[in-house]
Protein chains: 2
Amino acid sequence: MDQEQEDILKYDQGTFHPGFSVDCVIFGFHANQLRVLLLKMKGADVWALPGGFVFKDEDVEEAANRVLQLRTGLDNIFLRQFHLFGKPDRSQPDFNAKLLRQRQIPFAPNHWFLQRFITLGFYALVEYSRVTPRPDTNSEACEWWDLQQVPALMQDHRQILDKALEALRLQLAYQPIGYNLLAEKFTMPELQRLYETILGKQLDRRNFQRKILAYDILERLDERRSGVAHKAPYLYRFNLEKYQQALEQGLEGGW
Amino acid sequence: MDQEQEDILKYDQGTFHPGFSVDCVIFGFHANQLRVLLLKMKGADVWALPGGFVFKDEDVEEAANRVLQLRTGLDNIFLRQFHLFGKPDRSQPDFNAKLLRQRQIPFAPNHWFLQRFITLGFYALVEYSRVTPRPDTNSEACEWWDLQQVPALMQDHRQILDKALEALRLQLAYQPIGYNLLAEKFTMPELQRLYETILGKQLDRRNFQRKILAYDILERLDERRSGVAHKAPYLYRFNLEKYQQALEQGLEGGW
DNA sequence: AACCATTGCGTAACTTGGACACAAAGTACG
DNA sequence: CGTACTTTGTGTCCAAGTTACGCAATGGTT
C-alpha cells in the first residue's frame, strides 16, 4: 500500500466498492484513561471517526487495516469488526456535497460520494505511545480524545463509538485484552487500571491479580518498575502463545 | 411488503443497493435437533442460505426481516447480524451469469448481478412448527436440514453457517435463548435438549434446571404435559419482561 | 528516621458448580 | 391389576471459585 496519502474525493466512480465504507474506533490507553482517535473535518465544527472506502477488489478487513495504518502509522494491529450500520438515513448527501464544493471538486448529482453509504464498524486496540496521528486530506486535525470528553461527532458516529465500547466490554468477558494497548512490559496496577477504565468500575486489587493470573497468559519478569513512588511493582508481559490461544478459545463460557 | 414474491433477477440496475446482500441462517428446533432452512438452487446441485438484496432506501435490518418473512411466512422474529463477509473472491460472477442464462434473462457484462457482492450474515431463531418454507424464484426447494447433515452449499455459505453457529453459542453464554425457538409452553427437558444441541454436548438434568431457574426468566405453570410417556413434566413459559431485560443486560459477565 | 501510600501474599466466609441419591409419577406389559 | 421401567421433582454433599478483608514489606517523602 502506498504510504503517500492520496485524495480520496478525487477518485473516479468505479474505484471503490459502491455505497460502502468502513469506520474505525481506535482505542488507546494513556494516563489511566481510555482514549479514541478522532479527525476534525475541514470547514465544519464536527469530528469524525477515521474511515475509508473499500477498493473494488480489496478485502473489507484489509481496507480497515489500511485506514488504521494511514491514521496511526501502525501495522498488524488488533482490529475487529463489530457491527454494520445500515439505516438509509445515516448518510448526509448534503453534507458531502458541501465537502466537495469546499474542496472545489467538480461533481455531477450522481457522484459516488453523494450516494447512500452503509458502513461497517471496526474497533482497534493500539499502543498509545507508538501512534503518530495523521489527518487525511479531508480533515485538519487528528487527535486523541478522552472517552469522557468526546466532542460532537458527524452523522451517527457517536452511536458507532458507543456500540464499539459495548463490544469491547463484551470481549473483556470472554477474551483477554491488553496486548497492543499496553507497552510490552507493564505492571499489574497498570493492567488493572485498563480493565477498570474499560469496565467503568473499580476492582479489588488482590482479587484482580488472582483472577488474571489464573488465565495463565502472563509472565512475571525478574524486573521491577523503579523510579516511581512507593514500592516498586513487578513487571509483567503477555505470553503471546497463550494469549493467542485464549483469544481463539475464549476464557470462560458460562456453559 | 408485498406478499407476492417477485423475480429478483428481473429488477433493474439501481433498484438495489449495489454490491451488497444479506444472508440468513434460520435456525429451527425439531425432534431434538437443531435445523437450518436451506434453498436448492435451480439447475445446480448446490444449496444456499436464504438471502436477498437491500432496496435502495431500505434499512439493512429491514431487508433481512423481509427475506425471513418471505421464506418462512413469519414476522417479528429474533434476528441478529453477526458478521460481514467481504473477501473479494467470495463472489462467483460465472455462476451468476449461468443463472441468468438459464432463466433466459438478457444481460450486459456489467449487469448488477454479476458484480462483486459483500454480504452481511444474520441468524434467526424461529419456531419450527409455525414455519411454512417457501422457495424463491431462483430455487426449486426450500427445506429444513439437520445441522449434522447439511449438503454442499454454494460459495462461502458453509463458512457463514459455521460462523452463525459460533455466534449462537456465544450468545448462549451471556444471553438467554429459547423464546421463538420453542412453543409458548414447554417443558424443562425440552429446553435442555435445545441447549444441548446448540452446545453439542450433554448437560446434567438437575444442574441445568437449577442454573436456568436462577436466571429468573421462567415461569412454571400449574399445568403438566399430559399424554406423553412417563411422569408428566411441568410446563414453563418465559416471562417476557424479564427475558427481554436479560437480553439487554446480559446474564453474567465474568467481571 | 519516622511516615505513608502502595505492593505482595495470604486467609476466612460465602457462593457457585458438578456429581449423585431417592422418591414420586406415569406407561408398558404380563 | 400389579410389577417393571423410565422419567421427573427435589435435595444433598463436596470441591472449586468468588468476595472481602488483614498484614508485613518496600521505597520514596518529609
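First the proteins, then the strands, lettered A, B, ... as listed; each starts at 1. What you see is a predicted model; the values in this text were computed from it and never measured.
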Quiz item: D/dG11 P sits how many Å from B/K211 NZ, rounded?
Solution: 21 Å
Quiz item: Roughly how many Å is it from CG in B/D222 to P in D/dG9, rounded to a whole number?
Solution: 13 Å
Exercise. Round to the nearest Å and state the distance from A/F186 atom CZ to C/dT7 atom C1'.
Key: 16 Å
Exercise. Please identify each residue that fulfils ring pair (Phe, Tyr, Trp, His ring centres under 6.0 Å) with B/F186, with sequence neighbours left out.
Key: B/F238
Self-check item: Nearest-Å distance for atom pair CD1/P, residues A/I212 and D/dT19
Solution: 14 Å
Self-check item: By ring pair (Phe, Tyr, Trp, His ring centres under 6.0 Å) - contacts of B/Y179 (at least two apart)
Solution: B/Y243
Quiz item: Starting at CD of B/Q202 and ending at P of C/dA19, how long is that distance when rounded to a whole Å?
Solution: 13 Å
Self-check item: Rounded interatomic separation in angstrom, taking CG from A/L235 and C1' from C/dT7
Solution: 13 Å
Exercise. Indicate yes or no for a side-chain donor-acceptor contact from B/R169 to the backbone of B/I198 under 3.5 Å, with no hydrogens or angles considered.
Key: yes
Practice problem: Starting at atom OH of A/Y215, determine the distance to atom C1' of D/dG17, rounded to an integer number of angstrom. | Solution: 12 Å
Exercise. Return the set of residues passing ring pair (Phe, Tyr, Trp, His ring centres under 6.0 Å) with A/H230 (not counting sequence neighbours), or none when no residue passes.
Key: none
Just list the side-chain donor-acceptor pairs under 3.5 Å for residues 74-81 of chain A, sequence neighbours left out, or say none.
from: A/R80; atom 1: NH1; to: A/Q175; atom 2: OE1; distance (Å): 2.7
from: A/R80; atom 1: NH2; to: A/Q175; atom 2: OE1; distance (Å): 3.4
from: A/Q81; atom 1: OE1; to: B/L84; atom 2: N; distance (Å): 2.9
from: A/Q81; atom 1: NE2; to: A/E61; atom 2: OE2; distance (Å): 3.1
from: A/Q81; atom 1: NE2; to: B/H83; atom 2: NE2; distance (Å): 3.3
from: A/Q81; atom 1: NE2; to: B/L84; atom 2: O; distance (Å): 3.0

Quiz item: B/Q192 has an atom CD; how far is it from atom C1' of D/dT8, in whole Å?
Solution: 11 Å
Self-check item: By side-chain contact (heavy atoms from CB on, under 4.5 Å) - contacts of B/E143 (at least two apart)
Solution: B/W47, B/A141, B/W145
Quiz item: Heavy atoms under 4.0 Å, any strand shown: does B/R220 hit a base, just sugar-phosphate, or nothing?
Solution: sugar-phosphate
Exercise. Could you encode protein contacts along nucleotides 21-30 of chain D as a string, one character per nucleotide from 5' to 3', using B for base contact, S for sugar-phosphate-only contact and - for no contact, with a heavy-atom cut-off of under 4.0 Å?
Key: BB--BBBS--
